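Predicted model only: the values in this text are computed from it and were never measured.
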Amino acid sequence: MDPSHELEKQDSGSFDKSALEKGPETDDIRVLEAREQYHFDAHDLDRVQRRLHQRHVQMIAIAGTLGTGLFLGSGHALQEAGPAGALIGYALVGTVAYSSLCAVGEMTSLAPISGTFPHFAARWVDPAFGFAVGWNYFYTNLMSVPVEISAAAILITFWDDKQSHQWIYTLVVCIVVCAINIFGVRWFGEAEFFFSIIKICLICGLIIVGLVIDLGGGPNHDRIGFRYWRKPGAFAPAGLVPNPTTDKFLGFVSVIVQAAFSFQGMELVAIAASETRSPRRNIAKAVRRVFYRILVFYIFGILITGMLVPYNDPDLLSTTNNAAESPYVIAIRRAGIKALPSIINAAVFTSAFSAGNSFLFCSSRILYGLALRGQAPRIFARCTKAGLPFISVIACSAVSLLSFMSVSSGAATVFNWFVSLSTVGGFFGWWGINITYGFFYRGMRAQGRDRKQLIYFSSLQPWLSYWGVFWTTLFILINGFEVFWHFNASGFLTAYINVPLFFGLWIFWKVFKRTHMWRPHQMDFTTGIPSEEETEEPEVPPTTFWGKVGSILF
């Protein structure tokens, strides 16, 4: 049977409802038939359990993926583009991240099911497109796990710089990260809730301390202001072309990849939808608050960073991979504050640990979703009685051992390739989300479905997704532009290998399964989607003072 052929039954009496995942009954004959390529199996799909509470989801959304990309990467961004270039770069990438999160948030509001946006891509664009999006996003997150584990282990060198000890720290971090995920989603939620509080306290504390130092409130009472925006300047040259203006523009372009690495993973909250209590209501709250998270944590944080240290500072140019290279630590030390650098390094360590934990959770759930729909071996869809997809978790946990490559000097180059691959793969993830939303929007309109009836919808759509598609396409193309000035084969491959890999996956599944793109009137917005009555619990308004405070925060 052609997997993209629209099946219709005039005789509803012959319809087998046991083929469907739990969902509302409908009289719409266009969506009554279970589609073979989705491999719906009610028994399998019901095995994951909704154990994440509102406070877990909100804290994961607010700070779940704040990691070394922001706390340490901001220094690299400042060095490459200058304070103004870094600020503009982070703001631009922030709008693209926001467009992607709004898109996946609205689609998840309709269908809070396992597989999330890779399944949406297969369901509303083309099964082959969903296969490519899913596997691309899977290995992107999977490669990020050893990257963050290595970052966490290296951060310990701030206190113990003996190279011979690094493998021990790497092993300990590996074991703990894997154990949290193997114990189940409730443990993951509690761990992320705790780590998110630390990260929020850290970034808020750094912004406040940075502002105090900048205004002359430190022990040395040196009022910095915007001194470094004037000298050495607001934009840093890339050192690629002789023309100063063009060179500074290229410096700004170079910071986009660094900024993207800091933002990636914001869509984690949607991936956890199938294991979240009242997913539609909680994810809607999370997405609505993400704009303020980007504004305060990222944009304001980068602004303060650029006011503390000049982009040509010798300490900023050094590479330690721990808190010593953070602009905040450099500024704090020079201001004469003794104890804070160690506290900051400890908090950044928990951030890297938390990010590795989040990426392991994410990659295992994407693999689980692919297996449910027959796009990965079915063994990865097996769950325990408690709802843990244990085969997927164990398989993804094994990849964390690649973090030991960072300990070996000989394997360090290969390990750096993983960093580049994970960043470019993240661009394709955002690109796929926004492409899918465009099809979703057309299908909803063609079938006369009102998006405003969803618990979450964005009034800026579909223009937000068009914005996201344009910029992610551009980001993919310019990602490795520097290699064309100093060409080397490994740099070119890591920058652009994801392009043929993604489209190769798409073409492979299209040829293998003979799929076709869905027409708007063929799109299935009903099969296997639980109703609001099945997922949403009655909202109980808080009555105590602390309960009301908690409802505002979480």
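Using a 4.5 Å heavy-atom threshold, the side chains of Ile283 and Ser109 count as separate. A heavy-atom distance below 4.5 Å is found between the side chains of Lys510 and Asp126. No side-chain heavy atom of Val147 sits under 4.5 Å from any side-chain heavy atom of Phe359. Residues Ser400 and Leu360 have side chains not in contact (no heavy-atom distance under 4.5 Å, counting atoms from C-beta outward). Val145 is not listed as a side-chain neighbour of Val399, based on a closest heavy-atom distance of 4.5 Å or more. Side-chain contact check for Val93 versus Phe475: some heavy-atom pair is nearer than 4.5 Å. Counting only heavy atoms from C-beta outward, the side chains of Met143 and Leu402 approach each other to under 4.5 Å. Here the side chains of Arg382 and Pro389 are not in contact, with every heavy-atom distance at 4.5 Å or above.
Taking the six-membered ring for Trp and the full ring otherwise, the centers of Trp124 and Phe439 sit at least 6.0 Å from each other. Aromatic rings from Phe492 and Phe487 are positioned such that their centres are separated by under 6.0 Å. Less than 6.0 angstrom separates the ring centroid of Phe117 from the ring centroid of Tyr137. Side-chain rings of Trp463 and Trp467 stay apart, their centers remaining 6.0 Å or farther from each other.
Nearest heavy-atom pair, Ala81 versus Gly251, reported as atom, atom and distance to 0.1 Å: CB-O, 3.4 Å. Heavy atoms only, all atoms of each residue included: Leu388 and Ile182 are closest at CD2-O, 3.0 Å. Closest heavy-atom contact between Phe252 and Gly85: CD1-O, 3.4 Å. Between Ala128 and Thr515, the shortest heavy-atom contact is CB-OG1, 3.4 Å. Closest non-hydrogen pair, Ser99 versus Gly468, comes out as OG-CA, 3.5 Å. Taking each heavy atom of Arg280 and Pro112 in turn, the nearest pair found is NH2-CD, 3.4 Å.
Looking at Gln375, its side chain never comes within 3.5 Å of a backbone N or O of Trp509 through a donor-acceptor pair. Listed for the Arg123 side chain is a donor-acceptor partner under 3.5 Å among the backbone atoms of Asp524.
Atom CG of Leu460 is separated from atom OH of Tyr466 by 13.5 Å, given to the nearest 0.5 angstrom. One finds the OG1 atom of Thr350 at 7.0 Å from the CG atom of Leu202 (value rounded to the nearest 0.5 Å). Between Ile168 atom CD1 and Ile156 atom CD1 the span is 10.5 Å, to the nearest 0.5 Å. If you take CD1 on Ile149 and CG on Leu401, they are separated by 8.5 Å, rounding to the nearest 0.5 Å. From Glu192, atom CD reaches atom CD1 of Ile180 across 8.0 Å, with rounding to the nearest 0.5 Å. Residue Thr472 holds its OG1 atom at 9.5 Å from CG of Leu477, rounded to the nearest 0.5 Å.
Phe349 and Phe353 have tilted rings, their planes meeting at an angle from 30° to 60° on a 0 to 90° scale. Ring geometry for Phe138 versus Trp135: interplanar angle over 60°, hence perpendicular rather than tilted (30 to 60°). Ring geometry, Phe503 versus Phe428: the interplanar angle exceeds 60°, so the pair is classed perpendicular (tilted spans 30 to 60°). Relative ring orientation between Trp506 and Phe502 is described as perpendicular, the plane-to-plane angle rising above 60° on a 0-90° scale split at 30° and 60°.
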*What do the steps show when you test Tyr98 against Cys102 for side chain to side chain contact (heavy atoms under 4.5 Å, CB included), and what is the final call?*
CA-CA 6 Å; Tyr98 181 66; Cys102 287; 3.4 Å; yes

*What's the verdict on side chain to side chain donor-acceptor pair (under 3.5 Å) for Glu106 and Tyr437, showing C-alpha distance, side-chain angles and the deciding distance?*
CA-CA 9 Å; Glu106 187 170 318; Tyr437 183 85; 2.7 Å; yes

*Kindly indicate, with the supporting measurements, whether the criterion side chain to side chain donor-acceptor pair (under 3.5 Å) is fulfilled by Ser465 and Gln461.*
CA-CA 7 Å; Ser465 285; Gln461 290 287 20; 3.2 Å; yes

*Can Asn434 and Ser100 be said to form a side chain to side chain donor-acceptor pair (under 3.5 Å), step by step?*
CA-CA 6 Å; Asn434 286 296; Ser100 305; 3.1 Å; yes

*Would Asn498 and Tyr139 satisfy side chain to side chain contact (heavy atoms under 4.5 Å, CB included), going step by step from the backbone distance to the final call?*
CA-CA 11 Å; Asn498 267 38; Tyr139 71 70; 3.5 Å; yes

_Worked check of side chain to side chain contact (heavy atoms under 4.5 Å, CB included) between Phe380 and Leu372_ = CA-CA 8 Å; Phe380 293 115; Leu372 285 179; over 6 Å; no

*Step by step, work out the side chain to side chain donor-acceptor pair (under 3.5 Å) result for Ser354 and Lys199.*
CA-CA 9 Å; Ser354 169; Lys199 287 189 279 190; 2.9 Å; yes

_Stepwise side chain to side chain contact (heavy atoms under 4.5 Å, CB included) check, Ile366 with Thr116_ = CA-CA 8 Å; Ile366 292 294; Thr116 186; 3.9 Å; yes

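Qualifying salt bridge (Lys or Arg N to Asp or Glu O under 4.0 Å) partners for Glu80, counting only residues two or more places apart in sequence or in other chains: none. Evaluation of the side-chain hydrogen bond (donor to acceptor under 3.5 Å, both in side chains) rule for Thr108 yields no partner, not counting sequence neighbours.
If you run side chain to side chain donor-acceptor pair (under 3.5 Å) between Trp431 and each of Asn136, Thr473, Thr436, only Thr473 comes through. Put simply, the residue from Phe194, Phe361, Phe193 that forms a ring-ring contact (aromatic ring centres under 6.0 Å, His included) with Phe188 is Phe361.
Counting non-hydrogen atoms of other residues, nucleotides and ligands closer than 6.0 Å to OH of Tyr496 gives a total above 12.
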